[in-house]
Amino acid sequence: LPTYASVDDVFLIDANNDVAVGTLKIMDCLIKNTNDNIFEGYDPDLYGSLTDVSIDSIIAENSLFTNTYRFGMRDVVNPYFKLENCTFWDMPDFAIYYRDSGGEVVINHCTFNNVGTEILWNAGSPDEIMRFRGSTVTSLAITNSIMANGSSDAPIRLDEGMGRVVSNICFGNTAANTRLADAVVTDTLNADPMFMDAANGDFTLLAGSPCYFAGNDGSTLGDLRWEN
């Protein structure tokens, strides 16, 4: 199990125009204790967008992220972005910040705990767990996941756009009035997911958890590695 600790961004696209990147895969990793983002897809110093940054795909599977910062993308051309069987915890920032970038987004079977609690310096309110800004995403599906003990503002915030689906999500001890614009929302529940010991990073689901068999295919919600 590779472990990455960094004093800055873990993965950073250099701040130049016309950058083309193939596929970034983060598989079976633990990334923790960084002072900046897991992935940075825009100019981190100027906070300005890049021109014609093209990424084929960003895929993270079976990985753990703690005490770190966001997957951040801005003005990236048509990426395929997928998170599956991943766990994010103790992250003050967004887990995902995706702005004015096209492409397809799939977030499936992920567990989020104590994420998005930082007060935004320019807004006076907490971050969201994930923020999708702009209407250029061609399709977005957030499914079969758990969002617990996180942002008091809105776990998920979307702007208007087509092809957005949020389904089979357990919201536990976090704001449930997600700012979902025109997304199709089905089969969400507000309940304690019943983690074994969230304070110490153990998100094993206890017997009786409402997350068992609550997935859109009858599977368990959240990162499936926490099934008991």
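All residue numbers in this chain count up from 1 along the given sequence. Being a predicted model, the structure only gives us computed values, none of them experimental.
- The distance from atom CG of Leu83 to atom CD1 of Ile59, rounded to the nearest 0.5 Å, is 10.0 Å.
- Side-chain contact between Phe195 and Ile146 is present, with at least one heavy-atom pair separated by less than 4.5 Å.
- Criterion: ILVMFWY side-chain heavy atoms under 4.5 Å apart, direct or through other members. Under it, Val185 and Leu158 are part of a common hydrophobic cluster.
- Among all heavy-atom pairs drawn from Ala214 and Asn168, the shortest one is O-ND2, 2.9 Å.
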Could you go through the side chain to side chain contact (heavy atoms under 4.5 Å, CB included) check for Thr68 and Asp93 one step at a time?
CA-CA 8 Å; Thr68 184; Asp93 197 11; over 6 Å; no

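- To the nearest 0.5 Å, atom CD1 of residue Ile38 and atom SG of residue Cys86 are 9.0 Å apart.
- Take Glu61 and apply the salt bridge (Lys or Arg N to Asp or Glu O under 4.0 Å) test, not counting sequence neighbours, and it matches Lys82.
- Legend: residues meeting side-chain hydrogen bond (donor to acceptor under 3.5 Å, both in side chains) with Asn67, ordered by chain and number and at least two apart, are Asn33.
- For the pair Arg157 and Ile129, the minimum side-chain heavy-atom distance is 4.5 Å or more.
- Under the side-chain hydrogen bond (donor to acceptor under 3.5 Å, both in side chains) criterion, Asn114 pairs with Asp90, sequence neighbours left out.
- Cluster membership for Ile96 and Leu180, using ILVMFWY side-chain heavy atoms within less than 4.5 angstrom, is shared.
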May I have the step-by-step check of side chain to side chain contact (heavy atoms under 4.5 Å, CB included) for Glu84 and Asp223, ending in yes or no?
CA-CA 8 Å; Glu84 190 165 47; Asp223 186 338; over 6 Å; no

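- Taken to the nearest 0.5 Å, the OG atom of Ser63 stands 6.5 Å off from the CZ atom of Arg225.
- Two residues are said to be in side-chain contact when any heavy atoms from C-beta on lie closer than 4.5 Å; Glu128 and Tyr97 fail this criterion.
- To the nearest 0.5 angstrom, Ile58 atom CD1 is 9.5 Å from Thr23 atom OG1.
- Defined by atom type and a distance below 3.5 Å, a donor-acceptor pair is missing between the side-chain atoms of Asn216 and Asp187.
- Other members of the cluster containing Tyr69 do not exist, because no ILVMFWY side chain is joined to it at under 4.5 Å.
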Please test Val165 against Leu140 for side chain to side chain contact (heavy atoms under 4.5 Å, CB included), starting from the C-alpha separation and ending with a verdict.
CA-CA 6 Å; Val165 173; Leu140 184 153; over 6 Å; no

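- Closest approach of Phe94 and Arg131 over heavy atoms only: CE2-CB, 3.7 Å.
- Taking the side-chain hydrogen bond (donor to acceptor under 3.5 Å, both in side chains) definition, one finds that Thr143 meets it with Asn108, sequence neighbours left out.
- At a threshold of 4.5 Å between non-hydrogen side-chain atoms, the residues Val105 and Thr138 do not count as touching.
- Side-chain polar atoms of His109 and Ser219 form a donor-acceptor pair below 3.5 angstrom.
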Let me see the working for Ile31 and Ile26 under side chain to side chain contact (heavy atoms under 4.5 Å, CB included), right down to the final yes or no.
CA-CA 10 Å; Ile31 295 179; Ile26 302 172; 4.3 Å; yes

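- Side-chain contact between Ile142 and Ile156 is present, with at least one heavy-atom pair separated by less than 4.5 Å.
- Within the 4.5 Å cutoff, no side-chain heavy atoms of Asn113 are placed close to those of Met147.
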All N/O donor-acceptor pairs, side-chain side in residues 203-210, below 3.5 Å, sequence neighbours left out:
residue: Thr204; atom: OG1; partner: Asp202; partner atom: OD1; Å: 2.7
residue: Ser209; atom: OG; partner: Pro193; partner atom: O; Å: 2.6
residue: Ser209; atom: OG; partner: Cys211; partner atom: N; Å: 3.1

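- No side-chain N or O of Trp226 forms a donor-acceptor pair with one of Thr111 less than 3.5 Å apart.
- Contacts of Phe65 classified as ring pair (Phe, Tyr, Trp, His ring centres under 6.0 Å), with partners at least two apart in sequence or in another chain: Phe71, Phe88.
- Taking CZ of Phe81 as the reference point, atom OH of Tyr98 lies at 7.5 Å (rounded to 0.5 Å).
- Hydrophobic clustering, with ILVMFWY side chains joined whenever heavy atoms are under 4.5 angstrom apart, keeps Trp89 apart from Met196.
- Of the inter-residue distances, the one linking Leu30 atom CG with Thr87 atom OG1 reads 10.5 Å to the nearest 0.5 angstrom.
- Among residues two or more places apart in sequence or in another chain, the side-chain hydrogen bond (donor to acceptor under 3.5 Å, both in side chains) test is passed with Thr220 by Glu227.
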